[in-house]
Amino acid sequence: MSGTPDTDPDKPVLVLFRHDLRVADNGALSAAAKSGKPVVPVFILDEASDKMRPAGGARRWWLHHSLTALSERIGTLGARLVLRSGKTGAVVRALVEETGADLVLWNRRYDQPSIAVDRALKADLNEAGVATRSFSGHLLHEPWELQTSTGSFYKVYTPFSRALFSRGEARAPLSAPKSLRPFEAMVTGAALEDWALLPTKPDWSGGLAQTWAPGETAGHDRLARFLDDILAGYANDRDMPAREGTSRLSPYLAHGEITPFQILHALSSSDFDAPARDVEKFRNEVAWREFSWHLLHHNPDLHTVNFNDRFDGFPWREDADALKRWQTGQTGYPFVDAGMRQLWQTGWMHNRVRMAAASFLIKHLLIDWREGEAWFWDTLVDADPANNPASWQWVAGSGADAAPYFRIFNPILQGRKFDPTGAYVRRFVPELSDVDDKTIHAPDDIAKSGAAVKLGTDYPVPVIDHGAARKRALEAFETTKETE
DNA sequence: TTTTGAGTTGTTCGA
DNA sequence: GTCGAACAACTCAAA
């Protein structure tokens with residue numbers, strides 16, 4: 001894997017783009033540029049290979065715009081992005097035949113289905129006399145390189161993060177290539193519009209477009225703004241959903257428009273002015289993403305299988321009506337409903353509210369965490385194959401280093417504590433806009449306050465009483481404590 | 001091999 | 001209103 005493969009300087013090199021839709025800090029693309037060979041950048045929409053989990057609706061919307069941005073960016077470097085769909089192996093073989101490419105480069109992926117695809121691709125190409133080379137991808141460390149002293153993967157976050165950060169500074173990110181040598185012959189590709197990644201009937205993407213600017217350049221603008229205006233005070237403000245107190249970099253990370261190397265490098269080298277406490281807190285969030293990816297690498301079915309098998313017999317309830325009310329933000333608990341509606345409208349939910357909303361589905365409604373994970377997978381622009389299931393399992397208590405069973409978020413207290421003026425609730429639950437700050441989070445108080453809103457007509461009566469739900473959850477979770 | 005200390009984000013109750 | 005304890009045991013990671 002080291003050194004430059006011995007190839008014909010005038011035969012093209014294929015560069016595969018997958019979830020690394022960027023030109024900067026892109027090892028494969030930089031190597032292609034450096035090789036002096038004609039470059040054929042390719043994006044393959046692969047939902048056909050074995051076990052590939054198709055992107056949800058929100059991610060498809062983002063992908064469309066991100067590919068548009070990437071295509072333009074590559075165009076300015078002198079090359080042309082080719083779009084193809086199908087099984088990765090077959091598509092690449094076809095492209096090699098069409099172009100005469102004798103070298104294929106890509107950045108590594110870390111989930112097992114993708115690893116299997118890439119491993120087979122490498123074997124197949126090498127057998128056909130085509131050289132391949134892969135580069136480190138979107139993680140600070142290859143998952144197989146970070147192990148406990150006994151050689152297993154970390155299952156507890158704190159020692160994991162200690163090990164992660166004790167390895168010294170993350171490498172400096174690569175800058176974008178200045179130019180790419182074009183491949184002159186015509187290579188046919190799909191038209192992005194034909195992939196129908198954007199919703200049409202109905203087009204629900206208006207709120208997403210108002211909220212987000214997908215693409216590499218926008219990601220870096222976002223990082224700059226975060227460092228300049230938001231990082232100072234992050235440790236506290238990140239919990240207040242009415243404020244812009246978080247990085248909002250998650251969708252850019254999920255699509256590989258920005259890398260953790262670029263983020264950590266900026267954190268340690270910039271001349272912004274933020275207290276060490278805030279910087280540390282944010283570095284830990286980056287490390288949590290890394291932790292989730294290492295977990296996924298070692299637990300391929302993280303989105304379907306309990307990490308802790310004591311949960312395998314858990315008495316989940318089937319309740320289509322309650323699930324629907326949760327999904328549509330009609331539970332009758334304003335803080336939860338605001339979060340679910342923010343998700344539906346903007347493709348994103350504030351982290352603090354994600355925990356409260358997830359806890360509500362799992363512990364108040366006793367609905368299987370997989371239902372919630374699937375909903376988030378479909379609706380989040382930052383839906384991530386590792387973060388999403390790892391976080392759901394964390395809330396459920398079945399995950400690695402998970403929340404204890406008796407930690408049941410009280411949606412009323414969470415609202416009062418983290419949205420004390422009710423500004424967040426009012427933004428997404430306009431029915432309650434006239435309810436005052438003191439009562440807006442508690443359904444019982446709203447009913448007694450004399451506010452104009454009529455519960456049961458304008459806004460739903462709570463789907464379940466908090467106290468009763470808490471009691472029921474504690475009893476249900478007793479089942480996970482039985483030892484065989 | 002055994003031991004030891006520790007473990008993201010909370011809530012409730014009673015003093 | 002504030003504060004500490006209880007809510008359980010278990011498993012992990014490292015010495």
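The model shown is predicted, which means the values in this text are computed figures rather than measured ones. So you know, we letter chains A, B, ... as the sequences are listed, proteins then strands, and number each from 1.
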> Quick one: Phe160(A) CZ to dA6(B) P, roughly how many Å, whole number?
Replying inline: 22 Å
> Which heavy-atom pair separates Trp293(A) from Asp384(A) by the least distance, and what is that distance?
Replying inline: NE1-OD1, 3.2 Å
> Which whole number of Å gives the distance between the C1' atom of dG5(B) and that of dA9(C)?
Replying inline: 15 Å
>> Students often get this wrong, so: under 4.0 angstrom with heavy atoms, is Glu285(A) touching a base, only sugar-phosphate, or nothing?
In response: base
> Taking only side-chain nitrogens and oxygens of Thr158(A), does any of them come within less than 4.0 Å of OP1 or OP2 of dG7(B)?
Replying inline: no
>> Rounded to whole Å, how long is the line connecting atom CD1 of Ile408(A) with atom C1' of dT12(B)?
In response: 11 Å
>> How many whole angstroms separate atom NZ of Lys155(A) from atom P of dA6(B)?
In response: 21 Å
> Given atom NE2 of His294(A) and atom P of dA13(C), what is their separation to the nearest angstrom?
Replying inline: 13 Å
>> Which nucleotide, if any, forms a Watson-Crick or G-U wobble pair with dG4(C), using both distances under 3.5 Å?
In response: dC13(B)
>> Among Met52(A), Arg18(A), Lys51(A), exactly one meets side-chain contact (heavy atoms from CB on, under 4.5 Å) together with Ser114(A). Which residue is that?
In response: Met52(A)
> So what's dA9(C) paired with, Watson-Crick or G-U wobble, going by both distances under 3.5 Å?
Replying inline: none
> Does a salt bridge link Arg108(A) with Asp118(A), judged by any charged N lying under 4.0 Å from a carboxylate O?
Replying inline: no
>> What's Leu474(A) touching, base or sugar-phosphate or nothing? Going by heavy atoms closer than 4.0 Å.
In response: nothing
> Is the distance between the ring centroids of His294(A) and Tyr154(A) under 6.0 Å?
Replying inline: no
> Whole Å only: how far is the OH atom of Tyr157(A) from the C1' atom of dT9(B)?
Replying inline: 12 Å
>> What's Asn351(A) touching, base or sugar-phosphate or nothing? Going by heavy atoms closer than 4.0 Å.
In response: base
> Rounded to the Å, how far apart are Phe406(A) CZ and dC10(C) P?
Replying inline: 14 Å
>> dA6(C), OP1 or OP2 - any side-chain N/O from Tyr405(A) closer than 4.0 Å?
In response: no
> Can a salt bridge be assigned to the pair Glu475(A) and Arg472(A) using a cut-off of 4.0 Å between side-chain N and carboxylate O?
Replying inline: no
>> Suppose you measure atom P in dC13(B) against the same atom in dA8(C); what distance do you get, rounded to whole Å?
In response: 14 Å
>> Whole angstroms only, please: what is the CZ-C1' distance between Arg162(A) and dA13(C)?
In response: 9 Å
